[in-house]
Structure formats: C-alpha cells, structure tokens
Protein chains: 2
Amino acid sequence: MADNADTSQRILDIAERLVQTRGFNGFSYADIAGPLRITKASLHYHFPAKAQLGKRLIERYERNFLAALAAIDRTGANARQKLRRYAAIYAEVLRDDRMCLCGMLAAEFSTLPKAMRENMKHFFDENERWLVGVLEEGRRSKQLKFTGAAREVARALVGSLEGAMMLARSYGETARFQVVADRLLAEVSA
Amino acid sequence: MADNADTSQRILDIAERLVQTRGFNGFSYADIAGPLRITKASLHYHFPAKAQLGKRLIERYERNFLAALAAIDRTGANARQKLRRYAAIYAEVLRDDRMCLCGMLAAEFSTLPKAMRENMKHFFDENERWLVGVLEEGRRSKQLKFTGAAREVARALVGSLEGAMMLARSYGETARFQVVADRLLAEVSA
DNA sequence: GTCTATAGGTGGATAGAC
DNA sequence: GTCTATCCACCTATAGAC
C-alpha cells in the first residue's frame with residue numbers, strides 16, 4: 001500500500017481543494033475519506049485533529065506559493081512583468097474553479113483555530129513583502145509609478161485581487177477577474 | 001409576548017450579525033435561540049428552514065443597502081462625494097466588526113442553496129448599477145476620470161472594497177481598509 | 001496503516017401539547 | 001407562538017483488533 005508520506009500528501013491534496021471550494025467549515029473527514037477510499041478513522045492516523053490538518057494545509061500552500069514567487073524572480077523579468085505573473089497565479093487558481101486558500105480562510109477567520117489564523121496572516125505578510133520588493137524595484141527603474149508607500153500599494157493589490165477572485169468565482173466568470181487584474185496593473189504602470 | 005413580526009425581526013437581526021461574522025455555515029439555530037431566549041423549535045415557526053432564513057436575510061440586507069444608496073442620492077452630493085460615502089458604508093460595517101453580508105456569502109458560494117446564490121448576485125448587480133450611474137455622472141461633470149467602461153470600473157470597485165474589507169477584518173485593523181478605499185477613490189478622481 | 005465499532009456531541013427539522 | 005420531546009443524519013474523535 002501507499003506509505004505514510006504518500007497518503008498524507010494525497011489527503012492534503014484533496015483537503016486543499018475542498019477548502020478552496022467549500023471552505024474549512026464546509027467539508028468533513030468523510031469528504032476526504034470517500035475519494036481516497038479509506039475510512040475516516042484512518043485519516044486521524046495522519047492528522048489527529050482537523051485543526052492540525054488545516055495548519056499543515058496553510059503551511060504547504062504558502063511554501064508552494066513562495067516557491068512560485070521565487071521562480072518568477074529567477075526569470076529575471078522586469079517589475080511590471082513580475083506583477084503580471086503574480087496576478088497570473090491567481091488567475092490560474094481561479095481557472096481551476098478554486099479560490100485562494102487563504103482568501104477563503106480570511107472569510108472564515110473568526111471561526112478558525114488560533115494557529116490557523118496566525119499561519120493565514122503569515123501568508124499575506126509574505127505576499128506583501130514580495131510585492132513591496134517588486135514595487136520598489138519598479139519605481140527605481142521607472143517601470144512602475146505610484147504614490148505613497150509601497151507597502152500600502154502592496155496591501156491594496158492583495159486585497160483587490162482576493163476580492164475580485166471571490167466575486168468572479170461566484171459569477172462563474174473568470175473574465176471578471178482578469179479585467180480587474182489588468183486595471184490594477186495599468187494603474188501602477190509608468 | 002412579542003408578536004410575530006417583532007420576533008422575526010429580532011431573529012433576523014441576530015442571524016444577520018452571525019452571518020457577517022461567522023458565515024452562513026458558521027452558525028446554527030442554537031446560536032440564535034440562546035440570546036433570544038426561545039427554543040430552537042420556536043425559530044422554526046418563523047423560519048421553517050435555514051435556507052429560507054438565509055434568503056430573507058439577503059433580501060432585507062439588500063433593501064437596507066439600497067435605501068442607504070438612495071439616501072446618498074438625495075443629498076445631492078457630487079459624484080466624488082457619492083463614491084466616498086459609498087465606501088463609508090463599508091467602513092461603518094467593518095467598524096462594527098462585521099463583514100459585508102454578501103461578501104461573506106460570496107466566499108461560501110458553492111455551499112449555498114440556489115435561491116441564496118441568486119439573491120446574493122442580485123445584491124452585487126444592484127451595487128454595480130448604482131456605481132455605474134455615479135461613475136458616468138462623474139465622468140460627464142469632469143469630477144471623475146477613468147479609462148474603459150464604467151461597468152468595469154464599478155466591478156473593480158466592488159471587488160476591491162470587499163477584498164480589502166475581508167483582509168482588514170482578519171488583521172483587526174480598520175485602517176487597512178481605509179487606506180485601500182482612499183487609494184481607489186483617488187484613482188478615479190479627476 | 002488501515003480497519004470496525006462506537007462514543008459523545010451538534011446539526012436542522014418535526015410532532016403535538018399548551 | 002412557544003414549549004417539550006424526539007428523530008435522524010452527520011460531525012470529530014478514540015479504542016482496540018488486525
């Protein structure tokens with residue numbers, strides 16, 4: 001049979017999609033056990049409590065997300081291209097009929113275990129940090145222009161993209177997201 | 001004792017706050033019955049099914065929201081002022097530690113009864129309609145400036161405000177919302 | 001690692017008395 | 001309109017066999 005690591009990963013894969021589509025409070029162990037063809041009890045061997053599963057989910061999601069940002073950095077793209085690719089990550093998630101994992105959790109914030117809240121905010125803090133770097137680089141190289149602190153622009157970008165994603169998904173229209181994303185990029189382009 | 005209408009309203013008041021803070025899937029009839037000091041069974045007299053309670057909740061929320069927009073119109077404020085007041089409605093909700101009811105439901109979209117989904121989208125459609133009117137009025141009067149269709153700008157505004165609200169609430173920092181709202185207004189100001 | 005069995009709780013919802 | 005009592009489905013989680 002599959003070994004521990006393998007099964008754990010598959011559990012996380014299924015749970016991740018469930019959180020991104022239905023929310024952390026919108027799925028149960030039964031929703032994972034069914035497709036995986038193991039029992040609910042077996043899931044508890046890998047993740048004793050749902051809160052721990054949630055925490056691990058965010059940690060993995062952030063790791064993968066930051067890896068994608070690092071990959072963007074390695075392409076040597078200019079600041080404007082980097083922002084476009086940042087938005088493209090969101091668009092890709094949406095095209096797969098998912099919401100951003102942490103955007104979803106932000107809505108459920110008040111019902112989440114404390115550990116998950118901290119992890120969720122850490123994800124957004126890291127997004128902000130990367131964006132601030134890109135924005136400042138872009139301002140220096142005259143690729144980008146904006147007023148005020150880069151941090152403020154970064155926060156506005158993250159919030160706007162998450163919100164646009166949420167509404168686009170409700171309407172089942174990916175294009176709604178793209179239109180907003182394009183406008184946001186245009187607004188900071190020199 | 002209180003009559004039907006009175007109790008129904010109080011049920012809606014409590015349920016509304018619960019949805020705005022915990023989400024539609026994040027509360028139960030017990031959460032309403034407790035504070036109201038009646039039993040869960042009694043709640044079913046007023047709202048036989050939770051889905052109906054949810055539907056009525058959205059209808060009332062939209063009615064009140066549109067009334068607030070009509071009130072803005074009656075002030076005779078100019079387009080820029082109207083947008084500022086529009087954002088102020090969001091800020092006020094947030095200051096009360098709530099999310100927009102429909103922004104919350106947008107996150108839970110895939111788990112909602114169909115009737116609630118339709119009502120939720122109608123709320124956003126009406127918001128868009130009002131904003132399009134304000135934006136076009138502002139463009140004519142040179143108070144506002146923006147490229148592209150007013151509808152696109154309206155959708156971007158709604159999405160961005162909802163997203164900013166969601167993140168600001170998670171961080172417990174109302175100021176995060178205001179910073180984004182101010183930037184959005186500045187971007188369409190002539 | 002996975003299973004059966006089950007505990008202990010809560011979910012929405014109904015019947016019928018008052 | 002509100003109550004008590006109850007149903008049944010589902011939830012997370014655990015014990016203990018294999």
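This is a predicted model, so every value here is computed, not measured. A, B, ... follow the sequence lines: proteins, then strands. Residue 1 opens every chain.
- Classified by interplanar angle (parallel below 30°, tilted 30° to 60°, perpendicular above 60°), the ring pair B:Tyr90/B:Phe177 is parallel.
- Between the P atom of D:dT12 and the NE2 atom of A:His46 lies a distance of 17 Å, rounded to the nearest Å.
- With C:dT2, C:dG12, D:dT4 as the choices, the nucleotide that has an atom nearest any side-chain atom of B:Lys40 turns out to be C:dG12.
- Atom CD1 of B:Ile32 is separated from atom P of C:dA13 by 11 Å (rounded to the nearest Å).
- Taking only side-chain atoms of A:Ile38, from C-beta outward, the nucleotide of C:dA13, D:dT2, C:dT2 with the closest atom is C:dT2.
- Checking C:dT2, C:dA15, C:dC3 against the side-chain heavy atoms of A:Tyr45 singles out C:dT2 as nearest.
- Ring planes of A:Phe27 and A:Phe24: perpendicular class, angle over 60° (limits at 30 and 60°).
- Atom CG of B:Leu43 and atom P of C:dG11 are 12 Å apart (whole Å).
- Between the NZ atom of B:Lys50 and the C1' atom of C:dA13 there is a distance of 13 Å, given to the nearest Å.
- In the set C:dT2, D:dT2, C:dA13, the nucleotide with an atom closest to the side chain of B:Tyr29 is C:dA13.
- Contact annotation for B:Phe27: backbone-only contact, meaning every heavy-atom pair under 4.0 Å involves sugar-phosphate atoms and none involves a base.
- Rounded to an integer number of Å, the gap from A:Gln52 CD to D:dT12 P is 14 Å.
- The shortest side-chain heavy-atom distance between A:Leu83 and A:Leu131 falls under the 4.5 Å cut-off.
- Listed pair B:Ser42 / D:dT4 fails the phosphate criterion, with no side-chain N or O lying under 4.0 Å from OP1 or OP2.
- At a cut-off of 3.5 Å, with distance as the only test, no side-chain donor of B:Asp13 or B:Gln9 sits close to an acceptor on the other residue.
- Here the straight-line distance linking atom NZ of B:Lys121 with atom CG of B:Leu105 works out to 13.0 Å at 0.5 Å rounding.
- For the pair A:Arg37 CZ and C:dC3 P, the computed distance is 11 Å after rounding to whole Å.
- Between B:Asp6 atom CG and D:dT2 atom C1' there is a gap of 15 Å when expressed in whole angstrom units.
- For the pair A:His44 NE2 and C:dG8 C1', the interatomic distance rounds to 13 Å; values are reported in whole Å.
- For A:Ser28, counting side-chain heavy atoms from C-beta on, the closest listed nucleotide (C:dA13, D:dT12, C:dC3) is D:dT12.
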